[in-house]
Amino acid sequence: MNRLAVKLPGLDLKNPIIPASGCFGFGEAFSELYDLSILGAIMVKATTLDARSGNPTPRVAETPSGMLNAIGLQNPGLEEVLKTKLPFLSQYDVPVIANVAGFSEEEYVEVCRRISKAPNVKAIELNISCPNVKHGGITFGTDADTAYRLTKACKEVSSVPLYVKLSPNVTDIVEIARAVEKGGADGITMINTLIGMRLDLKTHKPILANTTGGLSGPAILPVALRMIYQVSHAVSIPIIGMGGISCVDDVLEMIMAGASAVAIGTANFTDPMICKKLIEQLPNRMDELKISSISHLIEETRKEAHG
Amino acid sequence: MNRLAVKLPGLDLKNPIIPASGCFGFGEAFSELYDLSILGAIMVKATTLDARSGNPTPRVAETPSGMLNAIGLQNPGLEEVLKTKLPFLSQYDVPVIANVAGFSEEEYVEVCRRISKAPNVKAIELNISCPNVKHGGITFGTDADTAYRLTKACKEVSSVPLYVKLSPNVTDIVEIARAVEKGGADGITMINTLIGMRLDLKTHKPILANTTGGLSGPAILPVALRMIYQVSHAVSIPIIGMGGISCVDDVLEMIMAGASAVAIGTANFTDPMICKKLIEQLPNRMDELKISSISHLIEETRKEAHG
Amino acid sequence: MRVETMKLISKRELIPSLYELVCEGDLVSEIVMSGQFVDIKVPRADLVLRRPISICSVDKEKKQMTLIIRASGNGTQSICETKVGDSLDVLGPCGKGFPIDFLKKGQHVLLIGGGIGIPPLFELAKQLSLNGLKLTFVFGFQSKNQIFYQNEFEALGDVFISTDDGSHGIKGSVETILNSDHFNEEADAIYACGPKGLNRMVNHRYSKHPHAYISLEERMACGIGACAACVCDKDDRSGTNLKVCEDGPVFKCGEVIV
Amino acid sequence: MRVETMKLISKRELIPSLYELVCEGDLVSEIVMSGQFVDIKVPRADLVLRRPISICSVDKEKKQMTLIIRASGNGTQSICETKVGDSLDVLGPCGKGFPIDFLKKGQHVLLIGGGIGIPPLFELAKQLSLNGLKLTFVFGFQSKNQIFYQNEFEALGDVFISTDDGSHGIKGSVETILNSDHFNEEADAIYACGPKGLNRMVNHRYSKHPHAYISLEERMACGIGACAACVCDKDDRSGTNLKVCEDGPVFKCGEVIV
Ligand SMILES: Cc1cc2nc3c(=O)[nH]c(=O)nc-3n(C[C@H](O)[C@H](O)[C@H](O)COP(=O)(O)OP(=O)(O)OC[C@H]3O[C@@H](n4cnc5c(N)ncnc54)[C@H](O)[C@@H]3O)c2cc1C
Ligand SMILES: Cc1cc2nc3c(=O)[nH]c(=O)nc-3n(C[C@H](O)[C@H](O)[C@H](O)COP(=O)(O)OP(=O)(O)OC[C@H]3O[C@@H](n4cnc5c(N)ncnc54)[C@H](O)[C@@H]3O)c2cc1C
Ligand SMILES: Cc1cc2nc3c(=O)[nH]c(=O)nc-3n(C[C@H](O)[C@H](O)[C@H](O)COP(=O)(O)O)c2cc1C
Ligand SMILES: Cc1cc2nc3c(=O)[nH]c(=O)nc-3n(C[C@H](O)[C@H](O)[C@H](O)COP(=O)(O)O)c2cc1C
Ligand code: FES
Ligand code: FES
């Protein structure tokens with residue numbers, strides 16, 4: 001038995017390590033550095049119906065133990081993703097989790113319907129939490145009703161399990177989590193970025209052309225752990241956790257908080273080999289901490305949370 | 001003219017540097033390290049009506065570029081604060097900002113009424129945002145109506161200007177800021193801590209006895225800057241900014257974001273001399289950045305925000 | 001109390017991952033009691049909390065102090081990687097140490113230590129020995145290869161050692177030694193420092209002793225009594241607590257709940 | 001492309017805050033074009049983004065490359081504090097460099113650089129010189145005390161220098177030189193790298209030239225084309241953009257909007 005393996009709706013993961021959406025593109029660059037087949041799964045960049053060229057630059061800024069991004073969902077659009085990006089990944093033995101974004105319910109539904117039919121797409125990650133684009137002034141992920149309705153609509157048309165990605169920029173994340181569970185989500189992924197900002201000391205103006213951006217990286221780890229812990233106690237669908245993971249201890253800590261697998265975002269920039277290293281280092285660290293298998297740790301944590 | 005001076009409701013600050021509430025006690029320990037009269041003002045530890053012994057330990061944990069605390073408002077209670085703590089500080093030529101907390105509107109009102117009469121208390125900081133104690137399951141600072149009513153009630157009884165301290169753990173901080181402005185607040189202080197958590201890899205349990213705690217330190221700087229920027233564009237009362245400041249550039253960046261003075265919390269733990277150093281370093285750095293005076297920088301930023 | 005950039009004069013790995021560091025600076029002249037500690041800034045910008053470390057021995061003339069640090073987590077690891085000649089940012093001396101003024105020449109003192117709790121007992125023992133007291137040490141270690149400073153302590157008094165695995169001395173804990181028939185537990189003063197279990201045992205066992213003291217550990221933020229992170233409850237049903245960093249780390253047995 | 005722990009072989013401060021670093025490792029053998037860059041991990045845990053630095057010169061036999069870095073902010077400062085013998089974590093080679101295949105012996109090449117944009121032109125110049133091309137350099141600096149590598153470049157061709165304050169060479173910018181009556185602007189290829197203003201000027205001035213190239217800077221996250229942080233808009237009204245890290249940093253003049 002593979003002690004790193006995890007089974008989730010639609011996903012048979014060799015291990016719990018998944019590059020996070022937006023931090024890995026569609027895998028091309030990283031495929032030059034290591035064999036993508038070693039990964040648990042790949043969360044690809046957000047796909048919208050039409051191609052998007054994103055926000056003006058600068059799009060990134062650095063912060064203490066973190067970074068801000070305001071890419072603005074730049075992507076080649078659904079057609080191109082279906083035609084070239086997903087086929088490229090099909091040469092690897094790795095499930096793809098398609099990150100879906102949109103500016104209207106119709107757009108989300110259309111992308112879900114079509115992208116979920118791609119042969120290597122094993123699950124959808126519904127991105128209702130991008131802080132850098134707005135829908136009537138509010139992101140879909142900050143209102144429980146909107147989140148519920150969108151989840152329901154997308155679930156109906158998706159031919160693979162649906163995971164909904166939650167925003168941390170809310171007063172009560174448990175309320176949103178319950179809403180998407182009720183809407184039929186098969187799982188939750190969390191957290192997306194916190195909204196932050198930096199200013200340029202010379203110009204006195206925001207560094208990002210978009211004024212604000214999404215904060216990611218180690219800085220947000222404690223917020224992610226807290227939210228995952230709270231949500232895992234409140235819902236029964238599984239959680240893929242993310243936010244600030246940079247080392248093997250962080251992986252295990254997030255699973256102990258209630259995640260069933262984890263995604264690695266910003267750490268891919270600090271160290272492009274990080275996912276490979278984490279997969280390699282897990283068994284040793286598990287030995288030291290007397291953890292027999294990841295699925296056992298998940299089970300134990302779930303029992304603790306749900307009695 | 002003192003180029004570091006700032007004038008705010010109730011407060012004539014020699015400079016914009018203020019130790020933040022809870023990170024400086026009532027100044028006793030720091031008075032052994034440097035003369036407290038050099039400070040712009042001092043925000044003392046939260047005072048409640050009765051003495052409180054706080055939460056069980058462990059009460060702190062470390063996080064990447066930050067820390068969690070769940071002190072739980074330990075303080076000697078209003079009587080003792082009036083009898084020994086404030087008189088101790090009256091030997092220094094420095095205005096005191098009294099941080100007031102409570103578990104009911106009545107308690108807040110009573111503490112405000114009495115503490116605002118202490119001779120060296122020049123302003124009140126209404127702490128409606130402590131993440132470590134709850135009022136009917138929700139902190140006062142996460143609901144606009146509650147915040148409005150509490151502000152109004154406290155304003156009526158306070159004989160010094162009232163600043164309200166906002167929680168960052170909300171979907172829309174501008175809404176809360178507008179509510180406290182409408183409630184009669186003379187100023188806003190922000191941000192209190194983000195709610196976070198760490199787990200112990202050996203026990204698989206939360207490190208903090210309180211499960212969750214408040215995240216502070218450099219990690220939250222970009223979130224603080226973003227919220228101060230947003231609120232300063234939406235209200236016209238001044239803001240004392242805080243959250244993650246650790247160096248002189250952070251001070252200036254926060255003023256550029258919209259703060260009129262800043263408070264230093266966690267950095268006092270990393271370097272107990274930080275407030276003194278910041279005051280000493282400001283003039284030089286202002287020269288380098290061609291900033292003639294703090295009040296000029298504030299004015300320029302306000303014009304930019306309010307046209 | 002001050003914050004000082006101290007120079008690292010020497011560094012030795014006593015046993016794997018346990019380092020003896022000698023630091024030099026004016027702060028040393030302010031140390032008044034053995035059992036006080038210093039709070040060291042980790043030389044890593046992402047770690048914001050200082051690390052409390054007991055003062056192990058003091059040389060006032062040379063303005064030097066010795067620390068013994070276990071490189072267990074990221075912070076102590078990074079502190080122990082400091083190179084000789086480089087500097088450490090040290091806050092101290094912090095807290096209140098072991099009271100000894102009441103002791104008279106010739107009296108018997110029992111010192112109980114476990115693992116990384118042993119260092120603060122060294123300066124204490126040196127001073128007691130200078131004052132002409134008779135010292136008995138009872139030390140517990142995990143196993144033989146974890147033992148350090150044995151010669152140093154044997155020069156000052158009788159040393160009894162227990163190991164968890166029995167690889168040296170008596171198999172068991174310090175309690176095993178204290179409970180053994182031939183052991184003379186009578187003492188005019190008792191000082192202890194060790195892991196939580198040892199402290200709790202000593203706190204309980206000697207709660208009625210007029211001069212028994214334990215040194216406690218608690219997670220800290222400020223290290224100087226300002227933040228109330230490091231409290232321990234008073235054992236007097238008052239519902240109040242004391243700060244380990246300011247009121248301790250040394251407490252009288254029975255004073256607080258461990 | 002690979003991630004490698006490279007050894008710092010030597011370090012020199014050329015002018016205040018400007019360092020020449022020589023690094024050794026297998027990565028060097030993968031460098032195919034001058035104008036490519038490497039992405040260096042800052043040896044500080046609180047800084048999560050790598051820093052893109054142009055490759056200034058290459059010695060394939062020794063597996064060494066030279067970088068010239070201005071210690072301007074916290075990250076470059078920390079990189080430049082690395083001690084000789086210690087290692088740097090380097091990702092590279094990244095991006096596409098200056099195309100030179102079309103050039104023939106004896107042809108004339110104009111190289112325009114400003115400040116910290118000059119280093120990537122050095123390896124290019126060495127290669128062009130080896131190929132028997134005639135080189136003219138036009139370099140802009142803030143002032144005399146900011147000039148570096150003057151001898152190195154003078155060994156390869158004619159060097160014209162402007163300074164903002166007129167303390168050396170012509171007072172003004174590189175544009176002042178290009179515009180001067182006696183200056184021969186005719187060239188079979190033009191290569192430029194400098195601050196935004198210089199790049200914009202060159203991009204515009206030579207947008208019709210068949211072989212004019214500029215090397216751009218943009219804030220990066222991944223450095224390898226995965227995140228879309230570093231884009232610049234194509235100048236073809238398509239509304240699409242190119243990635244500086246992957247499609248650049250070298251672009252043909254007129255290809256993108258600077
Ligand atoms: C008064 C006092 C004296 C001490 N004297 C010594 C000594 O002489 N030699 C020695 O090796 N150790 C001593 N310790 C323990 C030492 O402070 C911790 O081992 C150290 O703080 C752990 O830091 P880390 O970076 O290795 O671990 P991490 O787990 O990375 O630390 C994370 C956070 O938890 C805190 N923490 C973790 N363990 C402890 C602990 N046991 N006590 C207090 N805080 C902790 C850290 O300070 C830090 O804030 C003493 C502790 C106290 C309170
Ligand atoms: C392709 C390329 C090649 C470069 N070659 C060199 C070189 O050979 N020598 C040299 O000294 N510098 C070079 N630079 C610029 C260098 O990357 C920046 O000066 C450096 O990233 C600034 O980091 P810092 O820590 O000093 O500043 P900080 O202001 O602390 O950096 C904060 C963040 O902003 C980014 N940033 C700030 N300024 C720039 C900039 N000008 N370009 C890109 N990102 C920036 C940093 O990378 C970091 O993410 C190059 C940049 C690029 C894009
Ligand atoms: C540059 C960048 C681009 C991102 N793009 C997306 C995206 O397209 N869709 C999405 O759901 N999340 C996106 N994210 C969020 C990450 O997937 C992840 O949720 C977040 O960064 C927290 O994880 P980390 O701290 O490990 O980076 C992006 C993050 C970064 C840094
Ligand atoms: C240990 C600790 C105790 C605190 N206690 C209080 C408090 O009593 N009242 C309050 O309003 N804020 C309290 N705070 C919040 C700080 O005043 C400040 O808002 C926050 O820490 C963010 O600033 P920083 O990042 O500079 O620490 C406390 C923070 C810490 C770390
Ligand atoms: S650590 Fe702050 S009071 Fe003890
Ligand atoms: S920096 Fe990521 S695409 Fe260029």
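Just the heavy atoms: all of them, side chains too, but no hydrogens, waters or symmetry mates, feed the values below. All of these numbers come straight from a predicted model, not from anything done at the bench.
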More than 12 non-hydrogen atoms from neighbouring residues, nucleotides or ligands closer than 6.0 Å to NE2 on H306(A), yes or no?
yes
Atom group of S246(B) that falls short of 4.5 Å from chain A, counting heavy atoms
neither
Looking at L215(A), L252(A), L199(A), V170(A), which one has more heavy-atom pairs under 4.5 Å with chain B than the rest?
L199(A)
Between P206(A) and chain B, which part of the residue has a heavy atom less than 4.5 Å away: side chain, backbone, both or neither?
side chain
Determine which pairs satisfy salt bridge (Lys or Arg N to Asp or Glu O under 4.0 Å) with at least one residue from residues 58-73 of chain A, sequence neighbours left out, and list them in order.
E62(A)-R51(D)
Indicate yes or no: at least one non-hydrogen side-chain atom of Y229(B) is less than 4.5 angstrom from one of T212(A).
no
How would you list, by chain and number, every residue that makes a salt bridge (Lys or Arg N to Asp or Glu O under 4.0 Å) with R285(B), sequence neighbours excluded?
D249(B), E288(B)
Straight-line distance of T63(B) OG1 to I220(A) CD1, nearest 0.5 Å:
11.5 Å
Heavy atoms under 4.5 Å from chain B: which residues of residues 253-262 of chain A carry them?
E253(A), M256(A), A257(A)
What part of K205(A) gets within 4.5 angstrom of chain B, counting heavy atoms only: side chain, backbone, both, or neither?
side chain
Show the nearest heavy-atom pair for residues L194(B) and V223(A), with the distance to one decimal.
CB-CG2, 4.4 Å
Check this for me: H233(A), atom NE2, are more than 12 non-hydrogen atoms of other residues, nucleotides or ligands nearer than 6.0 Å?
yes
Side-chain contact test, heavy atoms from C-beta onward, threshold under 4.5 Å: evaluate it for R198(B) versus L221(A) and give yes or no.
yes
Below 4.5 Å from any heavy atom of chain B, which atoms of S167(A) appear? Answer side chain, backbone, both or neither.
neither
Work out which heavy atom in P64(A) is nearest to a heavy atom in S65(B); give both atom names and the distance.
C-OG, 4.0 Å
Indicate yes or no: at least one non-hydrogen side-chain atom of L297(B) is less than 4.5 angstrom from one of H204(A).
yes
I195(B) side, atom CD1; T171(A) side, atom OG1 - distance, nearest 0.5 Å:
9.5 Å
Please identify, among L225(B), D172(B), T211(B), the residue contributing the most non-hydrogen atom pairs under 4.5 Å to chain A.
L225(B)
Residue among G244(A), A219(A), G196(A), P222(A) with most heavy-atom pairs under 4.5 Å to chain B
P222(A)
With sequence neighbours left out, what residues match T189(A) under side chain to side chain donor-acceptor pair (under 3.5 Å)?
E125(A)
